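Right, one structure below, let's go through it.
Source: prediction; values computed, not measured. Just so you know, ligand 1 is whichever comes first in the structure, and atom 1 is the first atom listed for that ligand.
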Amino acid sequence: MNKHYDYLIVGAGLYGAVFAHEAKKQGKSCLVIDKKNHIAGNIYTYECEGINVHQYGAHIFHTNNKEVWDYVNNFTTFNRYTNSPIANYKGEIYNMPFNMNTFNKMWGVITPQQAKEKIDQQKKDAGITEPKNLEEQAISLVGTDIYEKLINGYTQKQWGRPCKELPSFIIKRLPVRFTYDNNYFNALYQGIPVGGYTKLVENMLSGIEVRLNTDYFDNKAEFDKMADKVVYTGAIDAYFGYSLGELQYRSVRFETETLDIENYQGNAVVNYTDSETPYTRIIEHKHFEFGTQEKTVISREYSAEWKKGDEPYYPVNDDKNSQLYEKYKALADKETNVIFGGRLGEYKYYDMDKVIEVALSVAKNELN
Ligand code: UDP
């Protein structure tokens, strides 16, 4: 007979691992299942030529929450990596996020005052008073030149929709700074786990039973019988058999190559912000850990609309999808024995720190 568990956790990604760890700490028994052949979900890293490759795209841990920072540091050591991507627009190189280096390169301005005047003038010429979408938000933050060269093409490729049809919160993820500071994040704490993210999740799951290559939906009724409660971290619409229609997601395809050279692009992240280059960015993985290997591994990222069978990465939080999500959420609230969590379970553009914050708070409520 199958063992009975307190919790069945569907998905061995960050949310599932944090919840399982907390449950085990409280003496609960957990079974974690994942349809993939590895743990760690989309933060999974594997080693190639001594380099930790972020298989599902670059993940840079950053947070303002000291509790979350202390929590992850219990499981592994983080290095001092600071994300400073550069943008390549048709061969012109700009610093990201938008800061005095960007403004100086774009307009030759030297002082913050000059940069502000330039942006204010462009915002005024565009006639924007109250930004209603990503395009208007972007222009009102950094002006039309930067919008055209560094935002419009990239965003259209990334989301497959015009900037006018996208919510403005997406661009507000990026800081705009009137200092010469290329740090992509405003967070107090930032870094990459030394030796990769898989080790972080492995340590969270230490002593917990994990079954890989195991699809919940192949045998849902049987799995449900195996535990008192389910923590589900997959896509919320998939849970309900897409009965109200499909939520939209963006998927990403990676073309990863090992090159027989030491240093390909001199930076971990280079964004290609024109609309003609088919990929959005190139990641050179070794630079996340200051690698000195003889070879290098790079990944080109191609963004695409998700269709069944693809890997979902980003929820598309526009009005239409948000309304549909609310309907699924109402169904989810009626499932008293199931907790829905994580980027896919809650259909939210969560960063890793937020996933941990929410998982810890849900676990606290649930387990105390
Ligand atoms: N973005 C942009 N140009 C860039 C980088 C980002 O226009 O060079 C916009 C784009 O719309 C993107 C959003 O800012 O989706 C958020 O970027 P972020 O780096 O946070 O995206 P992620 O790393 O989560 O894919």
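- By the 3.5 Å distance cut-off applied to N or O atoms, R281 is counted among the residues near ligand 1.
- Less than 4.0 angstrom separates some heavy atom of T273 from each of these atoms of ligand 1: 8 (O).
- Taking the ring axis of F178 as reference, the NZ or CZ atom of K116 stays within 45° of it and closer than 6.0 Å to the ring centre.
- When each atom of ligand 1 is checked for a heavy atom of I170 under 4.0 Å away, the hits are 11 (O), 13 (C), 15 (O), 16 (C).
- In this structure the side chain of V32 never reaches within 4.5 angstrom of the side chain of Y5, judged on heavy atoms.
- The residue L166 has no part lying near ligand 1, judged by heavy-atom distances below 4.0 Å.
- The line from CD1 of I261 to CD1 of I298 is 7.5 Å long, rounded to the nearest 0.5 Å.
- Because its NZ or CZ atom is not both nearer than 6.0 Å to the ring centre of Y350 and within 45° of the ring axis, R343 does not count as a cation-pi partner of that residue.
- No N or O atom of Q158 sits closer than 3.5 Å to an N or O atom of ligand 1.
- When hydrogens are left out, the protein atom nearest atom 20 (O) of ligand 1 is R173 NE, 2.8 Å; that is the closest non-hydrogen contact.
- Atoms of ligand 1 lying under 4.0 Å from at least one heavy atom of M96, given by number and element, are 4 (C), 5 (C), 8 (O).
- Rounded to the nearest 0.5 angstrom, T258 OG1 and Q293 CD are separated by 11.5 Å.
- Protein heavy atom closest to atom 10 (C) of ligand 1, with residue, atom name and distance, is T155 OG1, 3.3 Å.
- Of the options Y239, Y15, Y7, a ring-ring contact (aromatic ring centres under 6.0 Å, His included) to Y232 is made by Y239 and by none of the others.
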